Amino acid sequence: MKNIMSSMFYRELKVQNKSLKDPLFVIGVYLSLLLVFPISLGPSSNLLKSFSPAIIWTCSLITFLTAIEKFFIYDISEGYLEQLFLSSLPLSVIVLIKALCHWISVGLPLIILFPLISIFLNLPLNLLWLICFSLFLGTLSFSLIGIMGAALVIGAKKSNVIVILIIIPLTIPILIFGISSTLFCLEGLIPYSTLYLQCMSLSFLLAISPIVTSSAIKIYLE
Amino acid sequence: MKLDNLEIVKGFNRLFSKFNYIFNFGKLYILTGSNGIGKTTLLRCICGFLRPESGSLLWNNITINIEYNEYAKNIFYLGHLDSLSPNLSVWDNINHLSILQDIPNPFIEGIDLFQIFHLKDLHVYQLSAGQKRRVALSLLNLNKKSLWVLDEPLSSVDKRYEKVFIKLINDHIDNNGIVIMSSHDTVHHYKKASTQIINLDVIK
């Protein structure tokens, strides 16, 4: 069992990051999205400061949504999904491993990059680690919601549009909690309550998302 | 293995109705029939990927849905896609698939029946269709799963590897396994005595 899980994990990481270029692409997308806001809002640093939590979270949401509808396409076109279905590992565990690998290849580069971004946005540096932690909770939730949406639209025409319609409403609570905990951090307070709420939504998704995703895959295979 | 009153509907097509069949250990079953008759659908149904509209599949007299995980341990499925990831090397693919399905790894066992060892470090997208098929077929070496479900296993494979494949099939039948496969041409040198050809055109 352990053997299968580690092999699965290794394969997923390799498939999702074909080379070192891929995390760099993620970082590039994120930085170019961030660049839009200072240009459109103008250089006034006060405005930028009050908007920065919203900017950080919206940009990371959009980064997570890029190409999420293709998440299972390759497994299907290679006929690999059937092999997963027949393996002794439950499909929901496999899905969880896939979500974790998706977070490692998209979320982790963003969080590693975040100290640099906070300098760009002129954020105070004293509670940076707490913002990173809340980003960790939020982006992992994005991954879990993302694969749920991706599994629901397998085989649908116009899947790239439908997946966004499914995912965006589900991410709104996570955005609200995340943005408010970032706001508290910027004012120098430790945001216990919103961090707890973020943990709650993450654990809820950890329980729900693998089940929904694996049953959506089973329906597709029929 | 027994198919009992099977009825399979795909989309608006009623592919099978009241279909009964018994598969016995130690035999090879070849499904033939014209395109779109439901060969692949029947194979997928046997593997449990799609549920029949009515009727049931029994494995050792137990319906497969009841203990699906136990049943799935007995199956080796090879679809008409090779289930190889193009961006991984041959070794990574084979190693992962053999761990995933709990079957011996041909590289570690050192059995190179399909002559793929020299391809070990190449990425799968660099291989030709026949080479990919040989890599996928190499998982049949020493495979102890009792039910092999193969969908067009010999598409784009050279004649010399067909012989290797036929020998593997014959060995598996001798070891009391079941092979169910779909094929277009049935004139191969499988063991005549234990081969049954199921022509779906005639049955329906």
Side-chain angles (χ1 to χ4, degrees), chain A residues 1-23 25 67 70-98 101 105 151 154-157 214-222, chain B residues 8-11 40-41 43-53 64-65 67-89 91-103 105 123-125 132-133 135-136 139 145 147-149 151-152:
Chain A
M1 206 69 137
K2 225 175 183 176
N3 214 348
I4 301 178
M5 275 160 83
S6 61
S7 165
M8 193 63 227
F9 190 74
Y10 177 71
R11 179 194 187 272
E12 273 306 309
L13 272 186
K14 255 194 158 171
V15 168
Q16 289 186 29
N17 302 293
K18 282 153 210 119
S19 62
L20 260 181
K21 284 197 297 272
D22 287 16
F25 281 142
K70 297 233 172 71
F71 194 69
F72 290 105
I73 295 277
Y74 298 109
D75 290 347
I76 292 164
S77 61
E78 292 150 15
Y80 176 62
L81 221 51
E82 280 90 348
Q83 306 294 348
L84 290 181
F85 192 81
L86 284 176
S87 79
S88 54
L89 210 58
L91 208 52
S92 45
V93 177
I94 289 170
V95 163
L96 205 57
I97 294 172
K98 276 178 167 290
C101 291
S105 34
I154 300 174
K157 284 173 195 166
S214 57
S215 35
I217 289 172
K218 276 177 195 162
I219 290 169
Y220 171 77
L221 278 177
E222 291 195 0
Chain B
I8 305 175
V9 178
K10 195 178 180 191
T40 301
T41 310
L43 291 180
R44 288 174 68 87
C45 190
I46 288 170
C47 288
F49 300 143
L50 68 117
R51 288 198 184 164
E53 196 75 4
I64 63 164
N65 297 333
E67 293 246 346
Y68 183 73
N69 282 340
E70 283 302 311
Y71 170 65
K73 276 180 195 161
N74 300 307
I75 300 183
F76 176 77
Y77 173 76
L78 186 61
H80 56 96
L81 299 164
D82 301 310
S83 56
L84 304 170
S85 170
N87 290 309
L88 297 181
S89 67
W91 158 256
D92 279 338
N93 266 305
I94 291 292
N95 189 33
H96 174 69
L97 285 176
S98 59
I99 291 173
L100 189 69
Q101 300 173 341
D102 193 23
I103 50 181
N105 183 335
H123 284 256
V124 168
Y125 67 80
K132 274 185 211 166
R133 201 68 195 162
V135 172
L139 286 170
K145 307 245 173 185
L147 176 58
W148 289 1
V149 180
D151 196 353
E152 303 271 353

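A quick note: this is a predicted structure, and the numbers were derived from the prediction, not measured. The chains referred to below are lettered A, B, ... by the order of the sequence lines, with proteins before strands, and numbering in each begins at 1. Atom set for the values below is all heavy atoms of this structure, side chains included, hydrogens, waters and symmetry mates excluded.
- Atom CZ in B:Phe49 sits 4.0 Å away from atom CG in A:Leu86 (nearest 0.5 Å).
- The salt bridge (charged side-chain N to carboxylate O under 4.0 Å, His left out) pairs that include a residue from residues 75-87 of chain B are B:Asp82-B:Arg133, where partners are two or more places apart or lie in different chains.
- Here the closest heavy-atom approach between residue B:Leu84 and residue A:Glu78 is recorded as O-CG, 3.4 Å.
- Both the backbone and the side chain of A:Phe85 have a heavy atom closer than 4.5 Å to some heavy atom of chain B.
- Across all their heavy atoms, A:Arg11 and B:Ser85 have their closest contact at NH2-CB, 3.2 Å.
- Nearest approach of B:Ser83 to A:Gly79, heavy atoms of both residues: CB-O, 3.3 Å.
- Proximity to chain A involves both the backbone and the side chain of B:Leu100, based on heavy atoms less than 4.5 angstrom apart.
- Between A:Glu82 and B:Cys47 there is no side-chain heavy-atom pair separated by less than 4.5 Å.
- For B:Asp102, the CG atom is loosely surrounded, since the number of other residues' heavy atoms within 6.0 Å does not exceed 12.
- Note that CG of A:Leu81 is 11.5 Å distant from CG of B:Leu81, once rounded to the nearest 0.5 Å.
- Using a 4.5 Å cut-off between heavy atoms, A:Met8 contacts chain B through both its backbone and its side chain.
- A distance of 9.5 Å separates CD in B:Gln101 from CD1 in A:Ile4, rounded to the nearest 0.5 Å.
- Heavy atoms of A:Leu89 lying under 4.5 Å from chain B are absent altogether.
- In this structure, chain A has a heavy atom under 4.5 Å from the side chain of B:Tyr68, while its backbone stays farther away.
- Rounding to the nearest 0.5 Å gives a distance of 12.0 Å between OG of A:Ser87 and CD1 of B:Ile75.
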Trace of the side chain to side chain contact (heavy atoms under 4.5 Å, CB included) decision for A:Val15 with B:Asn87: CA-CA 7 Å; A:Val15 168; B:Asn87 290 309; 5.7 Å; no

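- Using cut-offs of 30° and 60° for the angle between ring planes, the A:Tyr80 and B:His96 rings count as tilted.
- Note on residues 83-92 of chain A: no pairs pass salt bridge (charged side-chain N to carboxylate O under 4.0 Å, His left out), not counting sequence neighbours.
- Proximity to chain B (any heavy atom under 4.5 Å) is restricted, for A:Ile76, to the backbone atoms N, CA, C and O.
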